[in-house]
Amino acid sequence: MLKNIWLGLVALAGMAAAADTAIYQDPDTGLTFSSAFALYKSDGRGITFRIAIPASAQQYAPFDAVLQVVVPNDVGWAGLAWGGSMTRNPLLAAWKNGNNAVITSRWTSQHTLPPTYAGSQYTLYKTGTKSNSTHWQFTAKCTGCTSWDGDGSGTTRYLNPKGGNRLAFAYSPSKPSNPSSASSSFPVHDVHGYWSHDFNAAINQNWDAVVQKLVVQ
């Protein structure tokens, strides 16, 4: 049975921590991120999710987003659901392979291993991607993560660049079967949780100039 982040008072505190977003000025990329911390262990360990978007982003229209994730080294793989659930929205799974970050776009309509998904494309940056003895971090731009057709009906869902959007994360201590491959299978998550991420705090007025300077991995 999967462990939900709501289990126990400590897990409930983890949900509260993930629900509060803060502004983070990243010295490596020059971007302003809205940042949320998702607790997955009662000892205080968690994953930091940061999002930056352009000031030109409009409601009911697709826009690019830069995602920066900081992950403790004990994490086998970490996941993000852009629509706040496992099914019918763009998913990201990420893991460490040696000193490198591997990220993969996924999608599923069932509670099964999500296959790869071509509807969202990630550009991994060397700028803002690094690792040390305790954590690793990746920075990537996503095209196709902020709008999608969830049920195939032709009705598009859009994230709101001017307010809060429900996101979800997943954590597993176990590594993928083939960590060098972005198409690898990976085990089911042990913990998952949800929060409302403030996209308005993620707006960058100088988006084009800053993103153009980022070095692609």
Side-chain angles (χ1 to χ4, degrees), residues 14 17-18 20-41 43-54 64-82 90-106 120-145 167-176 178-184 186 189 191 193 195 197-199 201-204 206-217:
D20 296 329
T21 52
I23 294 176
Y24 176 73
Q25 305 283 349
D26 182 34
D28 294 335
T29 62
L31 288 167
T32 298
F33 291 90
S34 57
S35 179
F37 183 77
L39 194 73
Y40 64 83
K41 286 287 188 180
D43 60 7
R45 278 176 287 175
I47 302 167
T48 300
F49 293 91
R50 300 171 182 153
I51 293 173
I53 64 172
D64 288 348
V66 170
L67 173 69
Q68 186 175 86
V69 183
V70 184
V71 189
N73 285 337
D74 69 289
V75 173
W77 66 268
L80 176 69
W82 289 90
L91 307 173
L92 171 132
W95 53 84
K96 186 179 180 183
N97 179 44
N99 290 323
N100 300 316
V102 177
I103 60 177
T104 177
S105 176
R106 303 292 177 115
S120 297
Q121 297 181 345
Y122 289 90
T123 301
L124 181 64
Y125 293 116
K126 183 176 182 179
T127 311
T129 298
K130 55 190 177 181
S131 64
N132 59 30
S133 61
T134 61
H135 291 74
W136 58 280
Q137 171 184 300
F138 73 85
T139 302
K141 182 179 72 173
C142 185
T143 300
C145 286
L167 305 181
F169 85 97
Y171 150 81
S172 172
S174 303
K175 293 185 178 296
N178 184 10
S180 65
S181 172
S183 61
S184 175
F186 45 86
H189 52 76
V191 174
W195 75 98
H197 200 100
D198 184 1
F199 274 53
I203 288 174
N204 284 257
N206 56 343
W207 173 268
D208 289 337
V210 174
V211 170
Q212 287 174 4
K213 293 179 181 179
L214 301 181
V215 179
V216 177
Q217 186 81 290

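In what follows, residues are counted from 1 in the order of the sequence shown.
N204 is not listed as a side-chain neighbour of I53, based on a closest heavy-atom distance of 4.5 Å or more. Residues H189 and Y40 have side chains not in contact (no heavy-atom distance under 4.5 Å, counting atoms from C-beta outward). Between Q137 and T129 there is no side-chain heavy-atom pair separated by less than 4.5 Å. No side-chain heavy atom of C142 sits less than 4.5 Å from a side-chain heavy atom of Q121. Two residues are said to be in side-chain contact when any heavy atoms from C-beta on lie closer than 4.5 Å; I23 and F33 fail this criterion. With contacts defined as side-chain heavy-atom distances shorter than 4.5 Å, the pair L92/Y122 qualifies.
V210 and G30 get closest at one heavy-atom pair: CG1-C, 4.0 Å. Closest heavy-atom contact between P90 and S120: CB-OG, 3.4 Å. Contact record, F37 with G44: CZ-O, 3.4 Å, taken as the closest heavy-atom pair. Residues P179 and V102 come closest through the heavy atom pair O-CG2, 3.4 Å. Nearest heavy atom pair, residue A101 against residue W136, reads CB-CZ3, 3.9 Å. Between W77 and A93, the closest heavy-atom pair is CE3-CB, 4.3 Å.
Side chains of R50 and T48: a donor-acceptor N/O pair is absent below 3.5 angstrom, by distance only.
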| request: Starting from the C-alpha separation in whole Å, work towards a yes-or-no answer on side-chain contact (heavy atoms from CB on, under 4.5 Å) for W95 and I103. | output: CA-CA 7 Å; W95 53 84; I103 60 177; over 6 Å; no
| field | CA sep, side-chain torsions, deciding dist, call: L91, L80, side-chain contact (heavy atoms from CB on, under 4.5 Å) | value | CA-CA 6 Å; L91 307 173; L80 176 69; over 6 Å; no
| task | Before giving the answer on side-chain contact (heavy atoms from CB on, under 4.5 Å), spell out for I47 and V70 the whole-Å C-alpha distance, their side-chain angles and the decisive distance to 0.1 Å. | result | CA-CA 6 Å; I47 302 167; V70 184; over 6 Å; no
| task | Output, in order, the C-alpha distance, side-chain angles, deciding distance and verdict of side-chain hydrogen bond (donor to acceptor under 3.5 Å, both in side chains) for T32 and Q25. | result | CA-CA 5 Å; T32 298; Q25 305 283 349; 2.7 Å; yes
| Check against side-chain contact (heavy atoms from CB on, under 4.5 Å), K41 and Y171 | CA-CA 10 Å; K41 286 287 188 180; Y171 150 81; 3.5 Å; yes
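Here the CD atom belonging to Q217 is positioned 11.5 Å from the OG1 atom belonging to T123, to the nearest 0.5 angstrom. Distance CH2/W207 to CG/L31: 6.0 Å, rounded to 0.5 Å. D64 contributes atom CG, which lies 12.5 Å from atom CG of L67 (distance to the nearest 0.5 angstrom).
Evaluation of the side chain to side chain donor-acceptor pair (under 3.5 Å) rule for T139 yields Q68 as partners, not counting sequence neighbours. Partners of D28 by salt bridge (charged side-chain N to carboxylate O under 4.0 Å, His left out), not counting sequence neighbours, listed by chain and number: K130.
The backbone N or O of S184 lies less than 3.5 Å from no partner atom in the side chain of N178, so there is not a single donor-acceptor pair. Between the D26 side chain and the T29 main chain, a donor and an acceptor come within less than 3.5 Å of each other. A donor-acceptor pair under 3.5 Å is formed between the side chain of T104 and the backbone N or O of A182. A donor-acceptor pair is defined here as one N or O able to donate and one able to accept, closer than 3.5 Å; no such pair exists between the side chain of S35 and the backbone of Y24. Side chain of H135 to backbone of N73: no donor-acceptor contact under 3.5 angstrom is found.
Separation of the W195 and F49 ring centroids falls under the 6.0 Å cut-off.
A salt bridge links R45 with D74: at least one charged nitrogen is closer than 4.0 Å to a carboxylate oxygen.
Few gaps surround CG on N132; more than 12 heavy atoms of other groups in view lie less than 6.0 Å from it.
Relative orientation of the W82 and F199 rings is perpendicular, given thresholds of 30° and 60° on the angle between their planes.
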